[in-house]
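Note on naming: letters A, B, ... go to the chains in the order of the sequence lines (proteins, then strands), and numbering restarts at 1 for each one. Every value quoted in this text rests on a predicted model; they were computed, and no experiment measured them. Just so you know, these numbers use all the heavy atoms, side chains as well, and skip hydrogens, waters and symmetry mates.
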Protein chains: 2
Amino acid sequence: MVNNYDFDCELLTIGNELLIGRTVNTNSTWISKRITTVGGVVTRCVTILDELTDISQAIGEALARRPRWLILCGGLGPTFDDKTMEGLADALGRPLEVNKEVVRVIDRKYSKMQMRGLISKVEMTPARIKMATLPEGSLPLSNPIGTAPGVLLSLQHTLVFALPGVPSEMKRIFLKWIEPVIQKEIGDVHRTSKTLLVRGVLESTLAPLLDDILSNSDSVYIKSHPKGIENGRSKLEIEIATSFSIASEAEERVTRISDRLSRMIDEIGGKVSVVGDEK
Amino acid sequence: MVNNYDFDCELLTIGNELLIGRTVNTNSTWISKRITTVGGVVTRCVTILDELTDISQAIGEALARRPRWLILCGGLGPTFDDKTMEGLADALGRPLEVNKEVVRVIDRKYSKMQMRGLISKVEMTPARIKMATLPEGSLPLSNPIGTAPGVLLSLQHTLVFALPGVPSEMKRIFLKWIEPVIQKEIGDVHRTSKTLLVRGVLESTLAPLLDDILSNSDSVYIKSHPKGIENGRSKLEIEIATSFSIASEAEERVTRISDRLSRMIDEIGGKVSVVGDEK
């Protein structure tokens, strides 16, 4: 199923550590927040094991949904379980090629490590050549703080990006190479959000009020998050957000909804305060 | 593609908050860790928006892969954006039914809230009936600390569980209703893992050693996690883990590999220490 968003993005995070509960997937949270902030919509995040068939299959499924962007994260390193490039090549039916420019870059990185005494000799071992082996048509994205580069592959419907799983490297490459591309394509979009803390009203009591508000405001995102009971009173947060090309209009939309909702909650005996305000 | 694991589990976490970067998906990490600990394998975690077609489609895709267990998390509440039950019914082609027993349970919960002064009157509004509306054939799983129950649906190849997204409620229902079922089916399995901290060896230097060890030990999981450079020396963690029906044998397997790897790293000038030991 192809969705209706113009600026949709899918994430594919790869790594056994995510599915054995060893590592919390903060990479996907961070990327999602950045994409949302510049006006894109992350429609799906799939997390899979370091298995070639799983990677290839998940990439194929994502591309069939034709997102504008597909971001792969993890599995670019030198060890046996880094299989993202092989999976990508397999999914696209393209051969893997050793990228000579990347080999030179990696060789220079190791030479510097040797000079700093980190390694005794510079050898382009198969494990190191692996990090320079990319699917045909790949554009390497330089990694200023690690060895394996990121990758960009431009397909008919989708730009595919691949990022290392090490958070510091992932962030640097994203901010340098991916966010500017996405931001340019989306253009000027301002996202504004406001979070209300509501006490004394149950989520099920609030539900019809939210229905009513939403039926009259299609461009605004509203979501309630129950936060349990505190001092015998129900507590929940409501996020109201919108994106628009004019910042003042985005803010006005959120404020209008937030004021209206606050009045409605007040009328049924709830207590509202603003806890978060993001522009 | 159906995988080869006997005790495989897929997760489907549902909620816009996860894909706008507002909430870190710690639910999937927690569930993955529990499943891994009792000897199961989480093969995939898919995160989607609160959209009916996305939920229905993702459930259909997961069921086609025939995991032993499929755990849905989120979207069971009373508001307009809680669509998991509708999506599940849609994916299975089953009607939704109001479960009278669940209505009674929810009614009792609201009566207690009224007695505690949380609400002024007990009304089974459409929003509250919604939490008792489940796909035909569902078995409700009692929720001791929240309103919406969990759900179990037994299909031909797969047991489908649905859990609320509020972490405290999710954990209570999982531990009471899901883990015992999974554990009983898997039987007695002991997972042992050991994490080595390695200094002074690059991941790319280590790669061929890991290849060598893995080619001689198919039942052991090994994964290296680069941790950057510290005081001019490369630092990484290596996790070695296995699961086996006899605890002492599982420990012996991990110790054997860990000792062998430590010797190999020692020979190439690296420094090894044990940082984690889980039995």
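Top candidate by heavy-atom pairs under 4.5 Å with chain A, chosen from B:Asp50, B:Ile145, B:Thr125, B:Thr26, is B:Asp50. Counting heavy-atom pairs closer than 4.5 Å to chain B, the top-ranked of the candidates A:Lys130, A:Met113, A:Glu61 is A:Glu61. Between chain A and the options B:Lys227, B:Arg233, B:His225, the largest number of non-hydrogen pairs under 4.5 Å is found for B:His225. Each of B:Gly200, B:Ser224, B:Ala127, B:Ser204 has some count of heavy-atom pairs under 4.5 Å with chain A, and the biggest count is that of B:Ser204. Per-residue counts of heavy-atom pairs under 4.5 Å with chain B were compared for A:Val201, A:Leu11, A:Asn16, A:Val166; the largest is that of A:Asn16. The greatest number of non-hydrogen atom pairs below 4.5 Å with chain A, out of B:Ser234, B:Ala207, B:Gly77, is found for B:Ala207. Your options are A:Lys223, A:Glu203, A:Arg116, A:Glu51, and the one with the most heavy-atom pairs under 4.5 Å with chain B is A:Lys223.
Ring orientation note: the planes of A:Trp69 and A:Phe7 are close to parallel, at an angle under 30° on the 30°/60° scale.
Contacts of A:Glu123 with chain B are absent, with no heavy-atom separation under 4.5 Å from either backbone or side chain. For chain A, no part of B:Ile35 is nearby; none of its heavy atoms comes within less than 4.5 Å. For a residue to count as touching a neighbouring chain, one of its non-hydrogen atoms must lie under 4.5 Å from one of that chain's; by this rule B:Ile48 touches chain A with backbone and side chain alike. Of the atoms belonging to B:Glu17, heavy atoms from both backbone and side chain fall under 4.5 Å from chain A. For chain A, no part of B:Glu169 is nearby; none of its heavy atoms comes within less than 4.5 Å. Contact annotation for B:Val41: only side-chain heavy atoms (C-beta onward) come within less than 4.5 Å of a heavy atom of chain A. For chain A, the nearby parts of B:Val24 are the backbone and the side chain; heavy atoms of each come within less than 4.5 Å. For chain B, the nearby parts of A:Ile20 are the backbone and the side chain; heavy atoms of each come within less than 4.5 Å. Only the side chain of B:Asp81 has a heavy atom closer than 4.5 Å to any heavy atom of chain A. Both the backbone and the side chain of B:Thr205 come within contact range of chain A, judged by heavy atoms closer than 4.5 Å.
With hydrogens and angles left out, the side-chain atoms of A:Thr13 and A:Asn25 include a donor and acceptor closer than 3.5 Å.
At a threshold of 4.5 Å between non-hydrogen side-chain atoms, the residues A:Val198 and A:Leu261 do not count as touching. Contact check for A:Leu19 versus B:Thr36: no side-chain heavy atoms found under the 4.5 Å cut-off. Using a 4.5 Å cut-off on side-chain heavy atoms (C-beta onward), A:Val102 and A:Met131 make no contact. With a 4.5 Å cut-off on side-chain heavy atoms, B:Cys9 and B:Ile71 count as touching. Between B:Asn143 and B:Arg172 the shortest side-chain heavy-atom distance does not fall below 4.5 Å.
A search for salt bridge (charged side-chain N to carboxylate O under 4.0 Å, His left out) contacts involving A:Lys235 returns A:Glu230, not counting sequence neighbours.
Among all heavy-atom pairs drawn from B:Leu52 and B:Gly87, the shortest one is CD1-N, 3.4 Å. Minimum heavy-atom separation, A:Pro164 to A:Leu76: N-CD1, 3.5 Å.
Taking 4.0 Å as the cut-off between side-chain N and carboxylate O, A:Glu237 and B:Arg22 count as a salt-bridged pair.
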